[in-house]
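Here is the structure we will look at.
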Amino acid sequence: MRLTSATALAVALAAAVPAAQAPSASTPRTADGKVDLNGIWGVAPLPPAVKPGQSVRWLLPLKGVDPEGTDVFKGLDRVQVNARAGAPNKPEYKPELLAKVKELSDKQGVLDPAFYCTPQGVPRMGAPAQIVPTAGQTVFLYAASNLFRTVPTDGRPHRADADQPHIEDSIGRFEGDTLVVDVTNFNDDTWLGSDGYFHSEKMHVVERLTRNGDVLTYTVTVEDPLVLAKPWTRGPANLKLSTNPADALVEAPPCVEHDAPHIVTLDHH
């Protein structure tokens, strides 16, 4: 399964969902007094006029895109590429590496590792869709790719013999109501984002997950002394807790690569 121009539509749809509201409940705690991160996070509410089982039509007027034309997907691509290019918060690379970033970005349609059934890796994979705390460790579940991460929280150090391509080596600790996840042992087979944002094996990532009532705030700080001019912080992203007991993650179909042999242009996706 390959990411295509439909990714831009998904991004646009996500932008149409209202931001997480202020916390409406007290922050629960586990038996040992730590903040309880258990739950499914990031569930978007249905529009007010839509009931379960009904369908909804989203109208997304995008400047420069003719909804009746034959180049809708190219137009969506163009809008998203321009939006990312104008974003104020992007990784800042060392001057001597800017040409490499541009080359990778220009060839993103064929070089982006996320296209080829490989995990997107930390931090590109974003916040977990579900968090399952257990004694001495916390498990992150990711719905879209059927991936999971196990984060020890019992005080152990990073593994000296860690060999986990794409998922890396994570350890966690609690600082008040924040779970701080320290991530090392990267390979360089993933990107930070879709515009050629590569990294080295020396990258170091710190994720922070803070619960306040029924809202989870997720931020990421990336350090890479070999390629970045300074640390890059992404976020914060606010995720709403699902309160519907019937909600559950849906297993994604297995990824099967069919498109790579048929790529004929360098269009972004």
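Here, residue 1 is the first one in the sequence, and each next residue gets the next number.
In this structure, the side chains of Val122 and Phe186 come closer than 4.5 Å at one or more pairs of heavy atoms. Arg208 places a side-chain heavy atom less than 4.5 Å from the side chain of Val180. When side chains are defined from C-beta on, His204 counts as touching Asp182, because their heavy atoms get closer than 4.5 Å. In this structure, the side chains of Gln130 and Ser242 stay at 4.5 Å or more apart for every pair of heavy atoms. Residues Trp232 and Glu92 form no side-chain contact, since every pair of their non-hydrogen atoms from C-beta on lies 4.5 Å or further apart. Considering only heavy atoms from C-beta on, Phe115 stays 4.5 Å or farther from Val110 through its side chain. The closest side-chain heavy-atom distance from Trp41 to Pro128 is not below 4.5 Å.
Between atom CG of residue Leu239 and atom CG of residue Asp214 there is a gap of 11.5 Å, rounded to the nearest 0.5 Å. To the nearest 0.5 Å, the span separating CZ on Arg173 from OG1 on Thr178 amounts to 10.5 Å. Glu103 contributes atom CD, which lies 8.0 Å from atom CG of Leu111 (distance to the nearest 0.5 angstrom). From Leu192, atom CG reaches atom CD of Gln120 across 11.5 Å, with rounding to the nearest 0.5 Å. Atom CD1 of residue Ile40 and atom CD1 of residue Ile131 lie 11.0 Å apart, to the nearest 0.5 angstrom. Distance check, rounded to the nearest 0.5 Å: CG of Leu249 to CZ of Phe148 gives 14.0 Å.
Put simply, the side chain of Tyr197 never gets that close to the backbone of Lys90: no donor and acceptor are under 3.5 Å apart. Not a single donor-acceptor pair under 3.5 Å links the side chain of Arg211 to the backbone N or O of Asp177. Judged by distance alone, with hydrogens and angles left aside, the side-chain atoms of Asp188 form no donor-acceptor pair with the main-chain N or O of Phe198 at under 3.5 Å. Not one N or O on the side chain of Lys202 forms a donor-acceptor pair closer than 3.5 Å with the backbone of Glu223. Looking at Thr217, its side chain never comes within 3.5 Å of a backbone N or O of Pro236 through a donor-acceptor pair. In this structure, Arg234 contributes its side chain and Pro123 its backbone to a donor-acceptor pair below 3.5 Å. Counting only distance, with no hydrogens or angles, the side chain of Asp169 and the backbone of Asn185 share no donor-acceptor pair below 3.5 Å. When atom types are taken as modelled, the side chain of His199 and the backbone of Thr190 share a donor-acceptor pair closer than 3.5 angstrom.
Residues Ala143 and Ala129 come closest through the heavy atom pair N-CB, 4.0 Å. In terms of heavy-atom proximity, Gln137 sits nearest to Thr150 at OE1-CG2, 3.1 Å. Shortest non-hydrogen contact noted between Asn146 and Ala252 is ND2-O, 2.7 Å. Nearest heavy atoms, Pro91 versus Leu228: CB-CD2, 4.0 Å.
A side-chain donor-acceptor contact under 3.5 Å links Asp224 and Ser200.
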| said: Using side chain to side chain contact (heavy atoms under 4.5 Å, CB included), reason through Tyr93 and Lys100 one step at a time and then give a plain yes or no. | reply: CA-CA 10 Å; Tyr93 284 80; Lys100 179 177 179 178; over 6 Å; no

| request: Could you check Leu179 against Val35 for side chain to side chain contact (heavy atoms under 4.5 Å, CB included), going step by step and ending with a plain yes or no? | output: CA-CA 8 Å; Leu179 173 61; Val35 62; 6.0 Å; no

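Hydrophobic clustering of Ile, Leu, Val, Met, Phe, Trp and Tyr side chains at less than 4.5 Å, counting indirect connections, keeps Val206 apart from Val220. Clustering ILVMFWY residues whenever any of their side-chain heavy atoms sit less than 4.5 angstrom apart, transitively, puts Met125 in the very cluster that holds Leu216. Both Leu241 and Phe140 sit in one connected hydrophobic cluster of ILVMFWY residues. Membership requires side-chain heavy atoms under 4.5 Å apart, directly or through other members.
Of the residues listed (Val181, Thr153, Leu209), the one engaging Thr138 in a side-chain contact (heavy atoms from CB on, under 4.5 Å) is Thr153, and it is the only one. Exactly one of Val151, Val205, Thr184 qualifies for a side-chain contact (heavy atoms from CB on, under 4.5 Å) with Ser170. That residue is Val151. Of the residues listed (Asp195, Asp112, Asp189), the one engaging Arg124 in a salt bridge (charged side-chain N to carboxylate O under 4.0 Å, His left out) is Asp112, and it is the only one.
Within 6.0 Å of the CD atom in Glu175, the count of heavy atoms belonging to other residues, nucleotides or ligands exceeds 12.
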